[in-house]
Amino acid sequence: MKFEILTLFPEMFEIMNESIIGRAIKNGIIEINLTNIRDFSEDKHGHVDDTPYGGGAGMVMKPDVVYRAYQSVRKKSNGKVIYLSPQGKRLNQEKVKELAKEDELILLCGHYEGIDNRVIEEIVDEEISIGDYVLTGGELPAMVLVDSVIRYVEGVLSKDSTAEESFSESNLLEYPQYTKPDKFLDKEVPEILLSGNHQKIDEWREQQSILTTYKKRPELLTNAQIETAKKLLNE
Ligand code: 9WO
């Protein structure tokens with residue numbers, strides 16, 4: 001899968017070369033190309049922004065500069081253009097899976113007080129928000145989107161971790177995890193996990209998922225699951 005990213009701060013994306021994403025890039029499973037919008041400024045000072053018409057604080061990214069950067073990326077990619085903005089539709093796991101089916105995506109990162117609306121109308125296919133808060137730019141949200149989407153690209157994660165998703169395929173939160181040592185700060189690992197009985201372990205984990213969800217995010221549960229959680233609490 002290929003991501004084309006339009007940004008004024010390409011250096012911010014360097015941290016993605018580490019870790020799992022970095023490995024997937026090295027293996028050629030995913031490709032991330034960065035385009036510095038500033039390279040498409042044509043004035044002698046390299047300006048990419050200007051004062052807002054109508055007055056007010058801050059600066060607005062110039063439409064012609066963003067448009068030229070977009071055209072240069074368009075030559076290399078047929079992908080949908082996604083603008084990361086607090087005004088977009090909220091990203092969730094369902095949307096993530098949908099995006100993972102695409103071969104290519106173009107991510108547009110704004111800065112300052114935003115981008116001239118005419119170029120947004122002209123080039124953006126979809127506006128996506130990762131949450132209801134305002135940041136200084138769309139770069140971190142773009143990285144969040146890439147990170148969440150590539151988990152579904154074949155070969156990025158081990159076979160195992162994608163199979164494990166069967167639980168989170170449901171609406172439930174994860175069950176609690178433990179590793180060695182079996183005693184830590186006087187707390188023991190739940191005995192069942194040491195039993196080797198995988199049927200019982202799977203059962204226990206599903207129950208824990210329902211209980212955790214009931215306690216932390218009850219709004220995610222169906223009525224039937226709420227009844228199950230109440231029953232488990234009474235045991
Ligand atoms: C700042 C501002 C200040 C005064 C008047 C209007 C204003 N609008 C903005 C603004 O929304 N700036 C954005 C900064 C422009 C687009 C890039 N920026 C951004 C993206 N901040 N937060 C996001 C974002 C993207 C996706 N999900 C959550 C937040």
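Indexing begins at 1, ligand by ligand and atom by atom, following the structure's order.
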Can you list every pair that meets ring pair (Phe, Tyr, Trp, His ring centres under 6.0 Å) and has a residue in residues 19-48, with sequence neighbours left out?
->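 Listed once each, the pairs are His45-His47.
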
For ligand 1, which atoms, with element, lie under 4.0 Å from some heavy atom of [X]?
X	value
Gly131	28 (C)
Leu84	20 (C), 25 (C), 26 (C)
Ile130	26 (C), 27 (N), 28 (C)
Tyr133	28 (C), 29 (C)
Gly114	15 (C)

With sequence neighbours left out, which residue pairs that include part of residues 189-198 fulfil the side chain to side chain donor-acceptor pair (under 3.5 Å) condition?
->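 Listed once each, the pairs would be none.
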
So do Asp49 and Leu8 actually touch side chain to side chain, heavy atoms under 4.5 Å?
->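 No - every pair of side-chain heavy atoms lies 4.5 Å or more apart.
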
So which bit of Ser85 gets within less than 4.0 Å of ligand 1, heavy atoms only: side chain, backbone, both or neither?
->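 For Ser85, the contact with ligand 1 is made by the backbone alone.
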
Polar proximity ligand 1 side, Tyr83 side, N/O cut 3.5 Å exclusive =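 So ligand 1 has no N or O lying under 3.5 Å from an N or O of Tyr83.
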
Does an N or O from Gly110, backbone or side chain, lie closer than 3.5 Å to an N or O of ligand 1?
->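 For ligand 1, there is no N or O atom that lies under 3.5 Å from one belonging to Gly110.
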
Who's closest to atom 5 (C) of ligand 1 heavy-atom-wise, of Glu139, His111, Glu113?
->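 Ranked by closest heavy atom to atom 5 (C) of ligand 1, first place is Glu113.
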
Nearest non-hydrogen atom to atom 23 (C) of ligand 1 belongs to which of Pro86, Gly88, Gly58?
->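 The nearest heavy atom belongs to Pro86.
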
